[in-house]
Structures are given as C-alpha cells and as structure tokens.
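Written out below as structure tokens is the structure these notes cover.
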Amino acid sequence: MNISTIDLNLLVVLHAVLEEQSAAKAAKRLHVTPPAISNALARLRSLLGDPLFVRSGRGLSPTPRALALAPVLSRTLAELEQVVLGGPGFDPQRSTRELTIALADGDQIASLPRIAHAFAAKLPRARLRVVSVDTLIASGGLAGSAIDVALAPGGDDELHCMPLYEEEGVFVVRRDHPRVRRRLTPRLFNSERHVDIHLALGRAGVGNRAVTELFARHGLTRDIAVTVPTFAAAAMVVASTDLIAGMPRRVAETLLGAAPIVIVKSTLPAMRFSMQMTWHARTHADPASSYFRQLIADSFATK
C-alpha cells in the first residue's frame with residue numbers, strides 16, 4: 001500500500017472514533033453526519049484489512065490493530081496541528097472536550113474536589129469524567145483510548161510520570177474504642193482485628209502490598225476481619241465496630257467529619273509513599289491532555 005493513495009481525512013475520522021468510541025459522537029465532533037463516519041470507516045477497513053471496531057453495548061470497542069494506531073495518530077495529528085496552525089490549536093476557554101482521569105477511592109475523596117474546582121475555572125465548557133481504578137484496568141489501562149491520566153502510587157517504566165505529593169498512612173478506630181485509646185502499639189496492632197482495603201478489582205493494590213511488606217519486616221501481622229473496596233467503606237465499618245483500619249492521612253482527615261472515628265498515634269514504622277500522575281505516550285503530545293495535566297499539577301501545588 002502506498003501512503004499517497006490514502007485520503008488522510010480517513011485517519012482524522014479514525015482518530016475521532018478512537019477517542020469518542022462512538023460513531024455518532026465522532027460525527028458531532030467533526031461536524032459531519034453519522035453515515036459519513038460509517039462510510040469512512042468502511043473505506044479504512046478495506047484499506048487496512050481489519051474491522052477496526054466491533055460493537056460493545058452502545059459503543060464501539062477498538063481491535064488490537066486500531067489500538068496500535070491510536071497513539072501514533074494522536075501524536076502525529078497533534079504535531080501536524082501545531083505545525084500547520086502555528087500554535088497548540090487548543091483554547092481552554094472554548095473547548096468542549098471531555099477529559100478523563102482515573103482515581104482510586106482515596107483521591108476521589110481527598111483530591112477530586114481541588115481538581116474539579118480548577119477544572120471548572122480553567123476549562124469552563126469542557127467535561128471532566130472521573131473513573132475508578134476498576135474502570136481503568138477493565139478498559140485497557142492508559143494505553144486504551146478511554147482515559148487520559150491517572151493518579152497512582154509509584155511509577156511505571158512504560159508510562160510518563162510526574163510526582164504530585166507524598167502520602168502518609170495513619171490508623172483510625174472508633175471514638176470510644178475500648179482498648180485502642182490514642183496510641184497504637186505493636187502489641188495492640190497484632191492483637192486487634194483489622195479492616196483491609198482492596199482497591200483494584202477486589203485485589204490488593206501496589207500501596208497495600210508495600211504496606212504489608214513493611215509490616216512483615218517489623219514483625220507486624222494483621223488479623224483481617226473485613227475486606228472492603230474503598231476507604232470510605234472502611235471508615236464506616238470502623239465507626240461501628242472495634243476494628244482498626246489504615247488509610248492515607250488526607251483521606252482520614254476528610255472522613256473525620258462524616259464518621260465517629262479518630263486518628264490514633266502510633267509507635268509503628270512510618271508508612272509513606274509517593275503518589276504520581278501517570279499518562280501514556282498516546283496523549284503526551286496532545287495539547288488538551290497536556291493542559292489537563294498541568295491543571296492537575298497546579299491544583300496540588302496550590303493549597
């Protein structure tokens with residue numbers, strides 16, 4: 001196949017459908033009719049010898065070939081736009097783009113309000129979409145076409161990363177706990193029962209595994225009584241039982257007003273880990289995604 005024989009407008013259509021995962025939404029974005037999108041996709045299928053998309057509920061799921069093309073199209077079209085227009089081609093005050101961030105329960109509680117506030121001020125016509133860690137994993141991670149950026153502990157060699165803040169872990173109990181007053185000792189830690197939090201598809205995530213390894217190195221073991229998928233659920237369980245739960249300090253401090261729990265002082269080893277903003281190469285050069293990432297970073301820099 002000779003590239004000169006391909007109508008480059010077809011690639012613009014493919015890029016739009018990959019991002020929107022809907023022919024109708026892509027048509028609206030490109031100001032054409034849905035049949036025009038369908039015709040363009042049919043021509044591309046014939047040229048590339050691949051179905052490119054299959055029906056999935058009310059939307060479209062890209063094939064592996066389409067997913068492989070996604071980051072190349074995103075990067076190439078963004079670079080072309082910059083060269084041809086002589087600028088980023090993105091107006092934050094006028095953009096109606098939907099931008100998606102994946103947040104675990106803790107950041108939904110403690111970080112989302114400041115992100116949403118900055119988004120409303122800087123991107124007044126755009127749409128902020130927030131998804132869970134489960135959705136991030138189920139949709140193919142950041143390499144898929146659905147999510148622009150995620151907040152997560154640690155880094156990933158295959159992704160772009162930016163440190164945002166350092167998280168401190170604390171322990172919470174109900175206010176009138178009969179044995180754990182204001183200080184949690186190793187003896188109490190090992191003798192009491194605990195609530196565990198599995199944030200990712202019902203399994204222990206990176207932060208959970210790191211903390212468990214830290215405990216083991218110091219001879220600490222948790223007798224798990226209840227496992228829940230969110231920090232909010234852990235706080236509610238703790239508030240009505242004699243169980244102990246560990247969680248990020250920012251989350252615990254936010255939940256103090258919603259549940260009769262207290263943060264206890266501890267003689268246990270400090271639990272600290274770095275939280276990163278991560279994104280894939282497919283969105284690295286996209287002006288809207290770049291602006292979104294800077295907005296998130298600035299929201300953490302301003303307290």
Side-chain angles (χ1 to χ4, degrees), residues 101-112 130-139 141 147 150-154 156 167-181 183-276 278:
I101 184 170
L103 298 174
D105 164 61
D107 274 305
Q108 290 177 30
I109 293 170
S111 303
L112 180 57
V130 181
V131 301
S132 67
V133 173
D134 285 358
T135 300
L136 173 67
I137 297 171
S139 60
I147 300 169
L151 268 56
D156 188 320
E167 191 67 273
E168 176 192 5
V170 297
F171 294 99
V172 298
V173 298
R174 66 183 175 96
R175 287 177 187 161
D176 54 351
H177 195 287
R179 292 171 298 280
V180 182
R181 302 296 183 179
R183 184 175 297 277
L184 182 62
T185 64
R187 182 187 64 79
L188 279 171
F189 182 91
N190 286 343
S191 63
E192 296 293 324
R193 304 199 75 195
H194 295 253
V195 180
D196 200 11
I197 299 98
H198 287 186
L199 298 175
L201 297 180
R203 299 190 296 268
V206 174
N208 186 297
R209 293 194 296 271
V211 167
T212 300
E213 291 170 1
L214 175 66
F215 292 157
R217 290 197 299 271
H218 289 82
L220 301 170
T221 58
R222 288 182 299 171
D223 179 6
I224 304 300
V226 180
T227 301
V228 295
T230 67
F231 291 114
M236 295 302 108
V237 171
V238 164
S240 59
T241 66
D242 289 342
L243 303 178
I244 300 171
M247 61 183 61
R249 175 176 290 278
R250 297 180 315 125
V251 176
E253 290 176 345
T254 302
L255 293 173
L256 290 180
I261 60 174
V262 294
I263 298 172
V264 293
K265 294 181 179 179
S266 169
T267 59
L268 277 60
M271 299 179 291
R272 295 184 181 276
F273 47 92
S274 176
M275 291 296 292
Q276 312 276 337
T278 62

| Taking the side chain as C-beta and beyond, is there a heavy-atom pair between Leu256 and Ile261 under 4.5 Å? | yes

| What is the minimum heavy-atom distance between Ala235 and Ala259, and which atoms define it? | O-CB, 4.4 Å

| remark: With sequence neighbours left out, the residues meeting side-chain hydrogen bond (donor to acceptor under 3.5 Å, both in side chains) with Arg175 are none

| Pairwise salt bridge (Lys or Arg N to Asp or Glu O under 4.0 Å) hits with a residue in residues 262-274, at least two apart | Glu166-Arg272

| Taking every non-hydrogen atom, the tightest pair across Met275 and Leu151 | CE-C, 4.3 Å

| Residues two or more places apart in sequence or in another chain: which of them pass side chain to side chain contact (heavy atoms under 4.5 Å, CB included) with Ala252? | Val170, Val172, Met247, Ile263

| query | How about Phe215 and Met271: do any of their side-chain heavy atoms sit closer than 4.5 Å? | reply | yes

| field | Pairs meeting criterion salt bridge (Lys or Arg N to Asp or Glu O under 4.0 Å) with involvement of residues 218-237, two or more places apart | value | Arg193-Asp223, Asp196-Arg222

| Side-chain donor/acceptor of Asn190 to backbone N/O of Leu220, under 3.5 Å | no

| Going from CD1 on Ile109 to CD on Glu253, what distance comes out if it is rounded to the nearest 0.5 angstrom? | 13.0 Å

| remark: Here the gap from Leu136 atom CG to Thr278 atom OG1, rounded to the nearest 0.5 Å, amounts to 7.5 Å

| said: Tell me whether Arg181 contacts the main-chain N or O of Pro178 through its side chain, where contact means a donor paired with an acceptor under 3.5 Å. | reply: yes

| request: List the atom of Thr185, the atom of Leu268, and the distance in Å for their closest heavy-atom pair. | output: C-CD1, 3.7 Å

| field | Where at least one partner belongs to residues 103-112, residue pairs that pass salt bridge (Lys or Arg N to Asp or Glu O under 4.0 Å), sequence neighbours excluded | value | Asp107-Arg250

| note | For Gly246 and Phe231 the tightest heavy-atom approach is O-CE2, 4.0 Å

| message | So, using side-chain hydrogen bond (donor to acceptor under 3.5 Å, both in side chains) as the criterion, who are the partners of Ser191 when residues are at least two apart? | response | none

| query | Do Val262 and Val173 come within less than 4.5 Å of each other through their side chains, counting heavy atoms only? | reply | yes

| query | side-chain hydrogen bond (donor to acceptor under 3.5 Å, both in side chains) with Asp242: which residues, sequence neighbours excluded? | reply | Arg174

| message | Going by side chain to side chain contact (heavy atoms under 4.5 Å, CB included), name the residues that satisfy it together with Val133, two or more places apart in sequence or in a different chain. | response | Ala104, Ile137, Ala200

| Sub-4.5 Å side-chain heavy-atom contact between Leu214 and Arg217 | yes

| Thr241: partners by side chain to side chain contact (heavy atoms under 4.5 Å, CB included), with sequence neighbours left out | Val237, Leu243

| query | What residues form a side-chain hydrogen bond (donor to acceptor under 3.5 Å, both in side chains) with Thr254, not counting sequence neighbours? | reply | none

| task | Could you tell me which residues satisfy ring-ring contact (aromatic ring centres under 6.0 Å, His included) with Phe171, sequence neighbours excluded, listed by chain and number? | result | Phe189

| query | Closest heavy-atom contact between Val195 and Ile197? | reply | O-CD1, 4.1 Å

| note | dist Ile224:CD1 -> His194:NE2 (nearest 0.5 Å) comes out at 6.5 Å

| task | Compare every heavy atom of Val238 with every heavy atom of Ala245, then report the nearest pair and how far apart it is. | result | CB-CG2, 3.5 Å

| remark: Distance col, row Glu213:CD vs His218:NE2, nearest 0.5 angstrom, shows 13.0 Å

| All side chain to side chain contact (heavy atoms under 4.5 Å, CB included) counterparts of Ala233, not counting sequence neighbours | Val228, Thr230

| task | Begin with the C-alpha distance, continue with both residues' side-chain angles, and end with the deciding distance and a verdict on side chain to side chain contact (heavy atoms under 4.5 Å, CB included) for Ser111 and Leu103. | result | CA-CA 9 Å; Ser111 303; Leu103 298 174; 5.5 Å; no

